[in-house]
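Working notes, beginning with the structure itself.
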Amino acid sequence: MMTLYSGTTCPFSQRCRIVLFEKGMDFQIVDVDVFNKPEDIAVINPYGKVPALVERDLILYEANIINEYIDERFPHPQLMPADPVARARARLFLHRFEQDLFSHIPAIEHGSDKEVEQARQAVRDGLTQIAPIFTKQKYMLGDEYSMLDVAIAPLLWRLDHYGIKLGKEAAPVMKYAERLFARPAYFEAMTPSEKAMRK
């Protein structure tokens, strides 16, 4: 049985929860208060962070690594492309999400007013840049829901919470976001704290 140690308000933990629910398999989720972490998190993950996945003698941390493992271990439905070239491109996209979008979250959550504003602007610009993709296709890689959609969904869910307003040119992103939020697994994977982030 897989056990996921998951932060109740952590966007990276939310990614892992989404994948587990999309796969519809047996697993256990241990809710962790990110502001008051239990001691054993530091034992499981030397960085003392969530999410962390424990399965028998395997311990994994870092959301993207956890999610690729789950995807390979339980291939249906497959969330990473089967073709090596497409898979490499998907990994590059995931890396860019971390660099261009998610790297600004700490500043939004804990920065000075100036840092918060700069970080919001960077996220706004990043999302506006990818908006044209969704005028032509349903999901990030086309018609099939994939790991890229999983990865970005927690950020899109938190836009109001982070005080990020997107302009008209990003309207396709908001329509895309609604498609992601309408998935049953997305809703099931949410914690009460996450549900409360969006009115």
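Just so it is clear, the model here is predicted, and its values are computed rather than measured. Positions are given from 1, in the same order as the sequence printed here.
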(request) Quick one: sort the F181 and Y186 rings into parallel, tilted or perpendicular, breaks at 30° and 60°. (result) tilted

(message) For F12, run the ring pair (Phe, Tyr, Trp, His ring centres under 6.0 Å) check against F97, Y47, F102 and tell me which one passes.
(response) F102

(message) Check whether K23 reaches the backbone of P77 with its side chain - one donor and one acceptor, N or O, closer than 3.5 Å.
(response) yes

(request) Quickly, which of E188, E22, E194 forms a side chain to side chain donor-acceptor pair (under 3.5 Å) with R17? Name it, please. (result) E194

(request) Using atom types as modelled and distance alone, determine if a side-chain donor or acceptor of E62 lies under 3.5 Å from a backbone N or O of N64. (result) no

(message) Can you confirm whether D83 is buried at CG, in the sense that more than 12 heavy atoms of other residues, nucleotides or ligands lie under 6.0 Å from that atom?
(response) yes

(message) I'd like to know if the side chain of R198 reaches the main chain of H161, judged simply by a donor and an acceptor atom lying under 3.5 Å from each other, with no hydrogens or angles considered.
(response) no

(message) For the backbone of A151 and the side chain of R15, can you confirm whether one donor and one acceptor N or O come within less than 3.5 Å of each other?
(response) yes

(request) Given side-chain contact (heavy atoms from CB on, under 4.5 Å), test L79 with N67 step by step and report yes or no. (result) CA-CA 9 Å; L79 294 171; N67 281 347; over 6 Å; no

(message) Please check: side-chain N/O of N45 versus main-chain N/O of K49, any donor-acceptor pairing under 3.5 Å?
(response) yes

(request) Go through the steps for F21 and F187 under the test side-chain contact (heavy atoms from CB on, under 4.5 Å), then give the verdict. (result) CA-CA 9 Å; F21 279 99; F187 194 77; over 6 Å; no

(message) So does A82 get a backbone contact from the side chain of R87, meaning a donor-acceptor N/O pair under 3.5 Å?
(response) yes

(request) Please determine if K114 and E117 form a salt bridge, counting it only when a charged side-chain N lies under 4.0 Å from a carboxylate O. (result) no

(message) Donor-acceptor pair, distance only, cut-off 3.5 Å: does the side chain of D149 make one with the backbone of S146?
(response) yes

(message) Would R183 pass as a cation-pi partner of Y145, given that its NZ or CZ must be under 6.0 Å from the six-membered ring centre and within 45 degrees of the axis?
(response) yes

(request) Using salt bridge (Lys or Arg N to Asp or Glu O under 4.0 Å) as the criterion, list what pairs up with E55, not counting sequence neighbours. (result) R73

(message) Does atom CZ (F74) have a neighbourhood of more than 12 heavy atoms from anything else shown, all under 6.0 Å?
(response) yes

